[in-house]
Every structure is written in structure tokens, then in C-alpha cells.
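First the structure, in the form of C-alpha cells, and then the observations on it.
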Amino acid sequence: MAEQAATPASAPKTESHDPDFPEAFLRFMRDGWREDALEVVTRPEAPNYAKRRAALSDAFPGETLIIPTGNEKVRANDTDYNFRPGSDYVYLTGDADPDGVLVMRPSGSGHDAVLYTHDRNSKDTDGFFRSRNGELWVGRRHTLAERSTELGIDTAPYQLLGQALADSAPARTRVLRGLDPAVDRTVLAYEADPTVRRDRALAAVISELKLVKDEWEIAQLQEAIDATVRGFEDVARVLPADRGVKERLLEGIFGLRARTDGNDVGYGSIVGAGAHATILHWVRNTGITRPGELLLMDMGVEARSFYTADVTRTIPVNGTFTPLQRQVYDIVHASQQAGMDAVKPGVAYQDIHLTCMRVLAEGLHDLGLLPVSVDEAMSEDSTVYRRWTLHGFGHMLGIDVHDCSAARKELYRDGTLQEGYVLTVEPGLYFQTEDDLVPDELRGIGIRIEDDVLVTADGHRNLSAGLPRSSSDVESWLTSQREAGPRLPE
């Protein structure tokens, strides 16, 4: 990548390795530029953000609410990771730039919302070519007025944020903490509340607002999931049946689809060949596929709106499950199907978990692995079946891959499903290579099947139904994808 330009010796340099520029060059750079205006219109989804802010306002009357997005993170020296906005901030504003802070101040019966953010480095100052964030380096940014029009929210210069925070009375202010250290330092936790329950309540309410998805959010999730289906197809079309390829090649093929059809991957892709499939969060992806073994892929495209898919498929590399692989796969598929069949409004979240887990426990009993009966294994005093599954049946999904994580237990894991919830259903069985309690032929087999499910008024809809789930359908799908041949995203 190109090195960034310097400032004169009298001003701070942009980077330690930059040279000084002579004054003649600086004068020359200040003239002869045209300003091109941007045509900015209000986004169609802007009213959705306003409704969410109104709901948050109703939850905390008379209090100041501060929600930052976070800052760019250093990758190495003077290079940063690609910025991904804070989920709660973008859920309430739609703004994707770093450093922004949403401040909601009580006013009358509600709140006045102001987004504090950086203005563009226009050509009125030298910043457009001297700053590492200047427009000749990073491209045209929106003015404050343009961003206000686009997002349907009042904006203010970032330079005024410090005073706005200083004016916030701790006893009547709640902060979404852990995202912006400068905000956390400026607005100290209310001393009379050492456990910071006030701030935790703000995070919880935002999470709980995110539990029910509106039509626009469901459309964004479907877009991300449809792209994910295409990404799995891309991988299947290049996966050889008769020789090994690197896990990272497959990760890269899916990543190409994610960057082309969306913003990026929604989380680090898990591509587990053979025994790597038994490692639940295997993201190093340093292995190689082998004909005769299984390949577990847990991957999701994040849409440009930051809503993400989360899908897992386990496929036989050579195209056909062995009898033992099929037996284990069918247990997992039966567990997932039982869980999906149970999804509907009013059903307890934990009941879906128990439904999936019982089928897994029964399957483990049939494999001769349980040291006790199914009923005893399922009892709260035992749960020994979890040696081979560990994780729960799923989680909420949305603008985060593990969405709504700050919601109160009584509304999430100890609550009941409601229309508009989107959750994953993803049971799995994993037999570690070093597990002496299973026969040799099972060791190194890991299988998970995961789909993204919308709770509807009369049941549910599988948003990721574009990918097969049964063992026979997976084999047929893999054959058809290979016959279709490789393709590049458009």
C-alpha cells in the first residue's frame, strides 16, 4: 500500500516514516481543486432507526443516554483493521463511520438525539492531503449536513463531544460502556451505584429491543443468508472429491463471495476438515481436506447493513457418507429437525434446547456411548451426554452473530419465543481424537448442521432452506454443484 503524505516540520507528522514537504509544494497543493457536491437522499430505512430511538427514549424518560460506536483498532504499527461499527450504535443510527457517539438528551416528553461525528476533511484546509484521514487518502466523506440528511438525525461536530459529555450529570446519565475508552473516562460511572447497574440496564434494553426483527431487518437477514447459500455453493464447486485442498482455500472462496455480495464475513469462518471438525471454534483453518473424511463449514455473509447469516453444513469430501458417518449425521439431522419443529411463538427457549438434546442423547445411547440411561443423562444432576456436544441448540441472530447477548435471562434464555425472533438451530456431535471412551472408528468425527430460523405467527420459516440438510440431499447437492463447475461472483 502507498505510504501516506507528510506534514511540514512545524506540524505533527502523519506517520513516523513520512518525509517533510517543502512550503512550495504545500502552497501548490492548496489551489486548483474543484468541489463536487454529493446528491444525498434520506435512506428508506431511516424511519426504522428513529422508531428504535423512540422506543429507547420511552424506556429511560428524563435521562441522558450515550451510545458510542467505537474506534478504529490498530492492526500493526500505523495500519488499522477494517472498521466495523458498534452493533447497538448502528442499530440506532445507521451510521458506519468510526468514533461516532449518539447522545440522547431528555427534552419534553422524549429525547433530542444528536450524532457527534467527524466532518469531512474538505479542501478548505490542508487536512484533505496532509492527514492520514484526508480525502486524498481515504476518499470523500460526508459533511455533517449530508450525513444528517442521509440518516434522518441531527449531527454535530465531533470536536464538541467533549463539552456535551462534560455536561452530563452522572446520576441521570447512562453510557453504553466498553466501546470507546475516551467516553468511558469522561463520563464516570455513578459513584452511588458501584455495580454500574444503570449502564448495564441500558445495554440490556437495547438488546431486548433487538429481539423482535421488523420487516426491513428480516429482509437484510434474508439477503445475507441468500449470499451465504451462494458462498457454500461456490465452495462445493471447487472442492475436489479425489484429492486434498487447503482449508484456507475454501475459506478464501467463501470470503470472495462475502466481500462481493456483502460487507464481509459476519465472523471468522470455521473450515474444519477431518478431526478439525471436532474443534468447535476452529478458525485457524490450517488443515487439508482428505477424501473419505468429513468437512464442517460454519460460515456467514454479513450484509452491507451489517446483518449477518450464520450457517453450518457438514459434507463428505468424496461425495458419499460412510455408513458410520451417515449414522452420526442422521442423529444430528433428527435432532435439528425436532428442534425446528418445536419453534413457534410461546414456546420456551429452553424447551427447544431440551428437545434437541434428547434426540442427541438417544442417538448416543444407540451408539453405545452413554454410561447411563437417556433419562438419567438428561437429568440436571448429570447431563453426561454433553461430553460429545458441549454447546446449546442455538442463539439469537441479527446485527450480531450472537445477537441480543445483553438481554435479561428471563426474556432470552429463560423466556419464550415471540413472533419476529430470528435464531439459529444448530445441534452437533463431536468425537475428539483423544477420547478413550469412544471406539476408534468414531474418533475425529465432528458434525454440526445449522440453519437460521424466523419465528412466524403460526410457526417458523427456515431462512436458509436454500441449502440441503438430510444426508441424501447433501450428497445429491454436492454432486450437482460439482457438475455445475466453478463460477466467479458477478
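These numbers were taken from a predicted model, which means no experiment stands behind them.
- The shortest side-chain heavy-atom distance between M297 and T312 does not fall under the 4.5 Å cut-off.
- Relative to the ring axis of F128, K123 places its NZ or CZ within 45° and under 6.0 Å from the centre.
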I would like to know whether D458 and K344 meet salt bridge (Lys or Arg N to Asp or Glu O under 4.0 Å); could you show each step before the answer? CA-CA 7 Å; D458 57 355; K344 62 181 178 181; over 6 Å; no
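- Rounding to the nearest 0.5 Å places OG of S131 at 11.0 Å from CG of L136.
- Side-chain contact between L65 and L102: absent, with no pair of heavy atoms (C-beta onward) separated by less than 4.5 Å.
- Atom OG1 of residue T125 and atom CZ of residue R130 lie 8.5 Å apart, to the nearest 0.5 angstrom.
- Of the possible donor and acceptor atoms, none in the side chain of R52 sits under 3.5 Å from a partner among the backbone N and O of L209.
- Checking side-chain atoms of Y116 against main-chain N and O of A164 turns up no donor-acceptor pair under 3.5 Å.
- Smallest separation of non-hydrogen atoms from W477 and L467: CZ2-CD2, 3.8 Å.
- Salt bridge annotation for D112-R105: absent, with no cationic side-chain nitrogen under 4.0 angstrom from a carboxylate oxygen.
- With hydrogens and angles ignored, the 3.5 Å screen pairs a side-chain donor or acceptor of T355 with a backbone N or O of D351.
- A donor-acceptor pair under 3.5 Å links the side-chain atoms of T228 to the main chain of A224, judged by distance alone.
- Under a 3.5 Å cut-off, the side chain of D261 and the backbone N or O of P489 do not form any donor-acceptor pair.
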Test salt bridge (Lys or Arg N to Asp or Glu O under 4.0 Å) on E35 and R120; report intermediate values, then the result. CA-CA 12 Å; E35 284 287 357; R120 63 176 291 229; 3.2 Å; yes
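- Side-chain N or O atoms of T278 include none that pairs as donor or acceptor with a backbone N or O of Y430 at under 3.5 Å.
- A donor-acceptor pair is defined here as one N or O able to donate and one able to accept, closer than 3.5 Å; no such pair exists between the side chain of T383 and the backbone of E380.
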Assess whether side-chain contact (heavy atoms from CB on, under 4.5 Å) is satisfied between V271 and M299, documenting all intermediate values. CA-CA 8 Å; V271 182; M299 307 184 293; 4.2 Å; yes
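- Atom CZ of R174 and atom CZ of F60 lie 4.5 Å apart (nearest 0.5 Å).
- Environment of NZ in K51: sparse, with no more than 12 heavy atoms of neighbouring residues, nucleotides or ligands closer than 6.0 Å.
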Apply salt bridge (Lys or Arg N to Asp or Glu O under 4.0 Å) to the pair E302 and R84, showing each step before the final yes or no. CA-CA 11 Å; E302 180 182 76; R84 201 278 192 186; 3.0 Å; yes
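- For the residue pair H111/E63, the side-chain donor-acceptor check at 3.5 Å is not satisfied.
- At a threshold of 4.5 Å between non-hydrogen side-chain atoms, the residues I399 and E217 do not count as touching.
- The nearest pair of heavy atoms linking D97 to T69 is O-CG2, 3.6 Å.
- A distance of 6.0 Å or more separates the ring centres of H281 and Y267.
- With hydrogens and angles left out, the side-chain atoms of D451 and S464 include a donor and acceptor closer than 3.5 Å.
- With a 4.5 Å cut-off on side-chain heavy atoms, L250 and L295 count as touching.
- Between the CD atom in E223 and the CG atom in L463 there is a gap of 13.0 Å [rounded to 0.5 Å].
- Nearest heavy atom pair, residue R147 against residue R141, reads NH2-NH2, 4.3 Å.
- Residues R248 and T286 are in side-chain contact: their nearest non-hydrogen atoms beyond the backbone lie under 4.5 Å apart.
- No side-chain heavy atom of E146 sits under 4.5 Å from any side-chain heavy atom of T149.
- Using a 4.5 Å heavy-atom threshold, the side chains of T308 and L397 count as touching.
- Taking both residues in full, the closest heavy atoms of A46 and E150 are given as CB-O, 4.3 Å, listed atom of the first, atom of the second, then distance.
- Residues Q350 and R413 meet the side-chain proximity criterion, which asks for heavy atoms closer than 4.5 Å.
- Distance check: R313 CZ to R469 CZ gives 7.0 Å after rounding to the nearest 0.5 Å.
- Side-chain atoms of D184 come within 3.5 Å of backbone atoms of G178 as a donor-acceptor pair (strictly under, hydrogens ignored).
- A donor-acceptor pair under 3.5 Å links the side-chain atoms of R259 to the main chain of N263, judged by distance alone.
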Does the pair L296 and I447 meet the rule for a side-chain contact (heavy atoms from CB on, under 4.5 Å), with working shown? CA-CA 7 Å; L296 184 154; I447 295 171; 5.7 Å; no
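- Counting heavy atoms of neighbouring residues, nucleotides and ligands inside a 6.0 Å radius, atom CZ of R284 does not exceed 12 of them.
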Show your working on side-chain contact (heavy atoms from CB on, under 4.5 Å) between Q481 and L239 and close with a plain yes or no. CA-CA 10 Å; Q481 294 303 318; L239 175 66; over 6 Å; no
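- Side-chain atoms of H118 and N133 include no donor-acceptor pair closer than 3.5 Å.
- Looking at every heavy atom in both residues, Y49 comes nearest to R43 through OH-NH1, 4.1 Å.
- Of the possible polar contacts, one joining the H460 side chain to the M340 backbone as a donor-acceptor pair under 3.5 Å is found.
- Taking a 6.0 Å sphere around CZ of R461, one finds it holds 12 or fewer heavy atoms contributed by other residues, nucleotides or ligands.
- Summarising the geometry, atom NZ belonging to K73 is positioned 13.0 Å from atom CG belonging to N82; distances are rounded to the nearest 0.5 Å.
- Screening V175, L179, L56 against I67 for a side-chain contact (heavy atoms from CB on, under 4.5 Å) leaves a single residue, L56.
- The six-membered or imidazole ring of F393 lies near that of Y349, with a centre-to-centre distance under 6.0 Å.
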In sequence, state the C-alpha distance, the side-chain angles, and the governing distance for L92 and I206, and then conclude on side-chain contact (heavy atoms from CB on, under 4.5 Å). CA-CA 9 Å; L92 295 165; I206 298 174; 4.2 Å; yes
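- Of all heavy-atom pairs between Y421 and L411, the closest is OH-O, 3.9 Å.
- Under the 3.5 Å distance criterion, with hydrogens and angles disregarded, a donor-acceptor pair is assigned to the side chains of D400 and S87.
- Salt bridge present: R487 and E233 bring a charged side-chain N and a carboxylate O closer than 4.0 Å.
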